[in-house]
Amino acid sequence: MAKEIAYKLYDLIPSQQTMYLMVKYSIHKQVIQIPSAIIVNEKLDFDLLKKALNIEFERNDALRLRFTKTDGKIKQYFLPSYKNDNIPVLNFKTKQEQDDYLGKDAQKPVSFLKGETFRIIFYRTFDSRTGIYFNSSHMITDALGQAVFYADLLAVYKALENGSEMPKPLYSFEEHIHREFEYLTNEKLHSKDRDFYINYWKENGEPFYAGIHGPNLLEKARKKDPNIRVPKVFDPIHDKTAIIRRFVSAEDTEKIYEYCKKELVIPENVFLYGLRAHASKINYRTPDVLNMLICSRRAVYKDKMMGGCVAQPLQIRVITQETDTFREAVGKVASCRNQLIRHMNFPYLEARLLQQKEFGYATSQGPSCLMFSWMPIGFAIKEHNFDVEFQAYSNGRFSMPLYIFAVPDAKTGGTDFYYMYRVHTISADQINLLHDNAMKAIKMGIENPDITVGELLDNMDDLK
C-alpha cells in the first residue's frame with residue numbers, strides 16, 4: 001500500500017460520490033457495476049485484440065484508476081502504466097452456455113476497493129463471431145464511458161491490423177477531475193445552481209410517488225399516515241433484480257425519429273413521456289410524476305472522447321393536465337429536462353439534500369418511480385466501420401425499484417429497452433405492461449400530436 005500512497009490522491013468527484021452512496025448502504029456490493037458486451041460480426045484475431053487492449057490501457061486513463069481508503073475516506077489515484085496479458089479467451093458452443101457464463105459473471109461483485117475495477121473477457125461466440133465482455137465498476141466509468149472504451153479499442157485494433165496511424169488520442173479523465181473541483185470551488189456558479197434547486201423544490205410543493213408497481217407501497221404507508229405522498233422505497237436487503245429486454249421495431253423507431261425531427265425534440269423526451277404516462281395511469285391518473293433521468297454530462301467534445309464516470313441523475317418532475325395534448329406534454333418533459341441540463345454540474349447529492357430538507361424526507365424516501373437512460377452506444381461504435389451488437393446484463397442487485405435503459409440498435413435500426421427491476425417490488429407482468437402502455441401512448445401521440453393526455457390514458461391498460 002505504501003507504493004499506492006506515493007501516487008497523487010484525489011477525492012471522489014460528485015458523480016462518483018453518488019455511485020458510492022448506493023454501494024455504501026448496500027449489503028450486496030455489486031449494485032454499481034456495469035456488465036455489458038459487444039459482439040462484432042467478424043472473426044477478430046485475439047492475439048491482436050490483446051495487443052490493442054494493452055494500448056487502450058495507456059490511452060484511456062480511467063482504466064488505470066484505482067481506489068484506496070485514507071483516514072476513513074475513499075480516495076482515487078491513477079496508475080502511470082498498466083498491462084495485462086492474461087485476458088481470458090473463451091469459446092462457447094451454444095448461446096445458452098454463453099448467456100449463462102456471462103450472466104453469472106455479471107452478478108459477481110467488482111471489488112473496486114480491492115484493486116479490481118473491471119473484468120474483461122474475449123470470447124468466440126457460439127456462431128463464430130467475436131465477443132468483448134466488459135464488467136466495470138461505475139466508479140471508473142459510466143455507460144457512455146463504456147461506449148468510448150469499446151469504440152476506441154476497435155479503432156486501435158483496426159489500426160494495428162492495417163498498419164495505419166493510431167486514432168486520435170482520448171482525452172484525460174484526470175484533467176476532467178481537476179475541472180470538477182474548479183467548479184466546486186467557484187462559489188458564484190455553485191450558489192447560482194443551488195438557488196435554482198431551492199426554487200425547483202419549492203415551486204410545486206411536495207412531489208407524488210407514482211410507482212410502476214401501482215399505489216400499493218403508498219397505500220400501505222398511508223395506513224400509518226394518511227397524508228403521506230412519498231413512501232419508503234430504498235431497500236438494501238431485498239434488492240435482487242432481474243432484467244427484461246423488449247424491442248421496438250425499426251419501423252416504429254423511425255417514426256419516433258421523424259416526429260422528433262419535426263417537433264424539434266429528442267427521442268429521450270418522447271420515451272420518457274411514454275413511461276411517465278403509464279405511471280400516471282396506474283396511480284389514480286396523477287398529473288404529477290417524477291422520474292430520474294441519467295444525464296451523461298458529456299456536453300463538449302472532450303468529454304465525449306474520454307472514459308470515466310461523469311453521469312448523474314436529474315430529477316425530471318413534470319405535471320401534465322388531462323387537457324394537455326401529446327405535443328404539449330412531451331414539450332413539458334423537454335422543457336424540464338433542458339432546464340435541469342443547464343444546472344447539470346450541481347451535484348445530485350446536494351440537490352437531494354435540499355429536497356430532503358424541504359419535505360422532511362428520510363434517507364430511505366424518494367419520489368422517483370423509475371430511472372431512465374438513453375444510451376446511443378451502437379452508433380458510437382458503428383462510426384469505426386464495425387458491425388456490432390450490444391448486450392446488457394443484470395448485475396443482480398439494485399438499490400432502486402427500476403432502472404430502464406434504451407439502446408438504439410445500429411444494426412437493425414430498432415431500439416432495445418432493458419428493464420432491470422427489483423423483483424421484491426415489481427413483477428415481470430408489471431414491467432411488460434409498462435412497456436406496452438408506454439409504446440401505445442407514444443404511437444398514438446406521434447400519429448396524432450393533438451390527442452389529449454386524458455384520451456391517451458383512456459386507451460391504456462390498467463394493472464390487473
Side-chain angles (χ1 to χ4, degrees), residues 7-8 34 36-66 76-89 117-124 129-137 139-179 296-311 375-390 410-411:
Y7 301 141
K8 182 175 177 58
I34 315 174
S36 69
I38 59 168
I39 296 176
V40 184
N41 290 324
E42 297 179 31
K43 206 167 185 178
L44 303 186
D45 182 287
F46 285 124
D47 289 335
L48 197 61
L49 193 58
K50 287 182 178 180
K51 185 176 180 180
L53 181 60
N54 278 322
I55 293 173
E56 182 65 16
F57 290 145
E58 296 305 309
R59 290 169 57 86
N60 192 338
D61 64 352
L63 300 176
R64 291 184 273 111
L65 197 57
R66 300 295 183 268
Q76 58 186 323
Y77 60 94
F78 291 85
L79 296 174
S81 64
Y82 175 75
K83 188 176 182 180
N84 190 337
D85 294 319
N86 298 311
I87 300 298
V89 177
T117 55
F118 59 81
R119 290 194 295 271
I120 296 173
I121 297 171
F122 295 153
Y123 60 98
R124 190 70 69 206
R129 295 179 293 165
T130 303
I132 302 171
Y133 170 83
F134 185 37
N135 188 353
S136 60
S137 169
M139 300 292 283
I140 71 160
T141 190
D142 49 33
L144 291 183
Q146 279 205 342
V148 170
F149 163 75
Y150 286 130
D152 197 58
L153 175 62
L154 293 178
V156 170
Y157 176 91
K158 184 68 74 173
L160 291 174
E161 184 182 51
N162 296 336
S164 56
E165 290 185 10
M166 284 288 142
K168 291 181 179 179
L170 296 179
Y171 287 92
S172 168
F173 182 53
E174 187 171 12
E175 290 182 9
H176 179 87
I177 288 175
H178 286 287
R179 295 201 302 272
S296 74
R297 296 180 60 239
R298 296 172 183 267
V300 298
Y301 180 75
K302 278 188 176 183
D303 295 339
K304 295 175 182 177
M305 296 299 294
M306 71 176 188
C309 176
V310 297
M375 304 191 311
I377 291 176
F379 291 113
I381 300 168
K382 194 173 180 65
E383 289 179 6
H384 297 281
N385 298 316
F386 280 97
D387 187 6
V388 303
E389 295 177 17
F390 175 80
K411 181 181 179 181

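Predicted model, so just to flag it, every value in this text is computed and none were measured. Excluded from the calculations below are hydrogen atoms, water molecules and symmetry mates; all remaining heavy atoms, backbone and side chain alike, are included.
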Rounded distance [0.5 Å steps], CD1 in I55 versus NZ in K83 | 10.0 Å
Under a 4.5 Å cut-off applied to non-hydrogen side-chain atoms, are D303 and R297 in contact?
-> no
Does the side chain to side chain contact (heavy atoms under 4.5 Å, CB included) test come out yes or no for M166 and V156, once each step is laid out?
-> CA-CA 6 Å; M166 284 288 142; V156 170; 3.9 Å; yes
Got a donor-acceptor contact below 3.5 angstrom from the R59 side chain to the D152 backbone?
-> no
Closest non-hydrogen atom pair, A62 against G307 | CB-C, 3.8 Å
Mind checking the OG-CG spacing from S136 to L65? Nearest 0.5 Å is all I need.
-> 11.5 Å
Backbone of K304 reached by a side-chain donor or acceptor of R298 within 3.5 Å = no
Indicate yes or no for a side-chain donor-acceptor contact from T130 to the backbone of E42 under 3.5 Å, with no hydrogens or angles considered.
-> yes
Is there side-chain contact between V300 and Y171, with heavy atoms separated by less than 4.5 Å?
-> no
Near K50 NZ, under 6.0 Å, is it more than 12 heavy atoms from other residues, nucleotides or ligands?
-> yes
Residues A311 and D142: closest non-hydrogen pair is N-OD2, 3.2 Å
Any donor-acceptor pair under 3.5 Å linking the side chain of D61 with the backbone of F173?
-> yes
Residue pair I34 / A143: nearest heavy atoms and the distance that separates them | CD1-N, 4.1 Å
Over all atoms of both residues, closest heavy-atom pair of Y157 and D45 | OH-N, 2.9 Å
Main-chain N/O of M306 paired with N60 side-chain donor or acceptor, under 3.5 Å | no
Between the main-chain N or O of Q146 and the side-chain N or O of T141, is there a donor-acceptor pair closer than 3.5 Å?
-> yes
Would you say V310 and R179 make side-chain contact, with heavy atoms under 4.5 Å?
-> no
Distance in Å, I121 CD1 paired with N135 CG, rounded so as to fall on 0.5 Å steps = 8.5 Å
Can a cation-pi geometry be assigned to R66 and Y82, taking NZ or CZ under 6.0 Å from the six-membered ring centre and within 45° of the ring axis?
-> yes
Test item: R129 side-chain N/O and I39 main-chain N/O as donor-acceptor pair under 3.5 Å | no
Measure the spacing between OG1 of T117 and CG of L79 and express it to the nearest 0.5 Å.
-> 8.5 Å
Please work out which of the three classes, parallel, tilted or perpendicular, describes the rings of F46 and F122, given edges at 30° and 60°.
-> parallel
Indicate yes or no for a side-chain donor-acceptor contact from Y7 to the backbone of P80 under 3.5 Å, with no hydrogens or angles considered.
-> no
Heavy-atom closest pair (I132 atom, Y123 atom, distance to 0.1 Å) is N-CE2, 3.8 Å
Can you tell if the side chain of I38 reaches within under 4.5 Å of the side chain of L154, non-hydrogen atoms only?
-> yes
Side chains of Y150 and S36: does their closest heavy-atom pair fall under 4.5 Å?
-> yes
Which atom pair, heavy atoms only, marks the closest approach of E56 to L63?
-> CG-CD1, 4.0 Å
Validation row: F149, I140 side chains within 4.5 angstrom (heavy atoms) = no
Starting at CD of E161, measure out to CG of L48 and round the result to the nearest 0.5 Å.
-> 6.5 Å
Salt bridge or not for K8 and E174, using N-O below 4.0 Å?
-> no
